[in-house]
Amino acid sequence: MSEHLTEQEQIETLKRWWAENGRGIVTGVVLALVGYFGYQWWQGDQRAKAEAASDLYQGFIEAVSANNSQPDNKQLTTAKTLAEQLKNEYGSRIYASQASLRLAAIAADKNDLEAAQTQLQWVLDNTKEEALELLAKRRLATVIAARGNPDEALKLIEGNVPPAFAALYSETRGDILRQKGDDAGARSAYEQALSELLPEQAGSTQLLRLKVESLAVASGEEQEQEQKPSEPAPEGDE
C-alpha cells in the first residue's frame, strides 16, 4: 500500500511540476522551432537575393564588355539600366558597388568627370566593403582634382589607410601635389609611396622611381637656371 501511495505522490508531484513549468517548456519548444525555420527561411531568402543580384551583374558585365569593352550606346544604356536596378534593389551588396566603379571608369575615359564623380560618391555612401570604399575614395580624389579642386581632393585622402593601400594613396597625393605645382611635395609623396610598397606591389616600383627622377631632373634644371649668370647686354655702337 505504501508503495502504491508513493507512486501516487510521484504522479501528483509530476502533475504539479508540469502545471507550473509545462507552459514554459511548450513555449520554448515553439520558439525554438520558429527560430529554426525562420533562420532557414532567411538563409533561403538571402541565397535567392544573392543569385538574383549575381544574374543582374552578369548581364551588366556582358553589356560593358561588348565590342572588346567598347560598348555602343545601346549596350551602354543596358549596362546603366542594370546598374541602377542593382543599386535600387541590392544596394548593400558588392555587385552594386562594383557596377558603379565600372561605370565611373567608363565615364572618366569619356572625360565625363561629373558622371564619374556621381558614381564614385554613390559607392562611398553605400558600400560596406572597406576595400571598395578605399578604392572609390582614391579614384574620387583623382576625379575631383581633375575637375579643378585639388585641395578638396587632398583632404579626401587624408589620414592613415591599411598597408595594402598606403603606397597607392601616397602616389595619388603626389600626383595631385604635382598638379598644383608643388614639385617638392610631390617628390616627397612619391618617395613615401616607394617606401610603403608591399612585396606583392613591386610592379609599381619602376613607375614611382620614374616620377621621382623626373621631378629631380626638373628641380636640377631650375636650380641651374637660377645659378647661371646672366649674359652681359651687348654694347651699343659708338
CG (L103) and CG (L76) are apart, to the nearest 0.5 Å, by 7.0 Å

Counting neighbours of CG on N73 that are heavy atoms of other residues, nucleotides or ligands and sit closer than 6.0 Å, is the number greater than 12?
no

Looking at E62, is its backbone amide N or carbonyl O close enough to the side chain of S65 to form a donor-acceptor pair, meaning the two atoms are under 3.5 Å apart?
no

Report the C-alpha separation of S92 and K128 in whole Å, then their side-chain angles, then the decisive distance to 0.1 Å, and conclude whether the side chain to side chain contact (heavy atoms under 4.5 Å, CB included) test is met.
CA-CA 7 Å; S92 63; K128 296 179 180 179; 3.9 Å; yes

Would you please test R139 and V143 for side chain to side chain contact (heavy atoms under 4.5 Å, CB included) and show each step?
CA-CA 6 Å; R139 292 183 182 179; V143 169; 5.6 Å; no

Salt-bridged, E152 to K155, with N to O below 4.0 Å?
no

Answer yes or no: is there a side-chain heavy-atom contact under 4.5 Å between L120 and S100?
no

For residues 165-181, which residue pairs pass the salt bridge (Lys or Arg N to Asp or Glu O under 4.0 Å) check, not counting sequence neighbours?
D151-K180, E171-K211, D175-K211

L124 versus A136, closest heavy-atom pair with distance
CD2-CB, 4.2 Å

Specify the closest pair of heavy atoms between A131 and F165, including all atoms of both residues, with the distance to one decimal.
O-CZ, 3.7 Å

Distance (rounded to the nearest 0.5 Å) between L101 CG and W122 CH2
9.5 Å

SB check K80 E84 (cutoff 4.0 Å):
no

Would you say E200 has more than 12 foreign heavy atoms packed within less than 6.0 Å of its CD?
yes

Side chain to side chain contact (heavy atoms under 4.5 Å, CB included) for E114 and R147? Distances and angles first, verdict last.
CA-CA 8 Å; E114 182 178 358; R147 297 190 72 187; 3.9 Å; yes

Gap separating the CG atom of L197 from the CG atom of L208, nearest 0.5 angstrom:
5.5 Å

Between S188 (side chain) and A184 (backbone), is there a donor-acceptor pair under 3.5 Å?
no

Q179 side chain to A145 main-chain N or O, any donor-acceptor pair under 3.5 Å?
yes

I'd like to know if the side chain of T127 pairs up with that of E133 as donor and acceptor (distance under 3.5 Å, no hydrogens or angles considered).
no

About how many Å separate OH of Y190 and CG of L215, when rounded to the nearest 0.5 Å?
6.0 Å

Between N88 and Q85, is any pair of side-chain heavy atoms under 4.5 Å apart?
no

Interatomic distance, T81 atom OG1 to L56 atom CG [nearest 0.5 angstrom]:
11.0 Å

Sorted by first residue and then second, give each salt bridge (Lys or Arg N to Asp or Glu O under 4.0 Å) pair with at least one member in residues 100-110; sequence neighbours left out.
none

If you round to the nearest 0.5 Å, how far is OG of S54 from CZ of F60?
13.5 Å

Quick one: list whatever passes ring pair (Phe, Tyr, Trp, His ring centres under 6.0 Å) with Y95, sequence neighbours left out.
Y57

If the test is side-chain contact (heavy atoms from CB on, under 4.5 Å), which one of N149, I144, L154 qualifies with I176?
L154

V64 vs S69, test: side chain to side chain contact (heavy atoms under 4.5 Å, CB included). Steps then yes/no.
CA-CA 6 Å; V64 296; S69 297; over 6 Å; no

Do V123 and Q98 touch side chain to side chain, with heavy atoms closer than 4.5 Å?
no

Hey, are the side chains of S170 and E191 touching, using non-hydrogen atoms and a 4.5 Å cut-off?
no

Can you check whether D72's main-chain N or O pairs, donor with acceptor, with Q75's side chain at less than 3.5 Å?
yes

Closest heavy-atom pair, A115 versus A107, reported as atoms and distance to 0.1 Å, is CB-CB, 3.9 Å

Can you tell me if Q121 and Q117 form a side-chain donor-acceptor pair at under 3.5 Å?
no

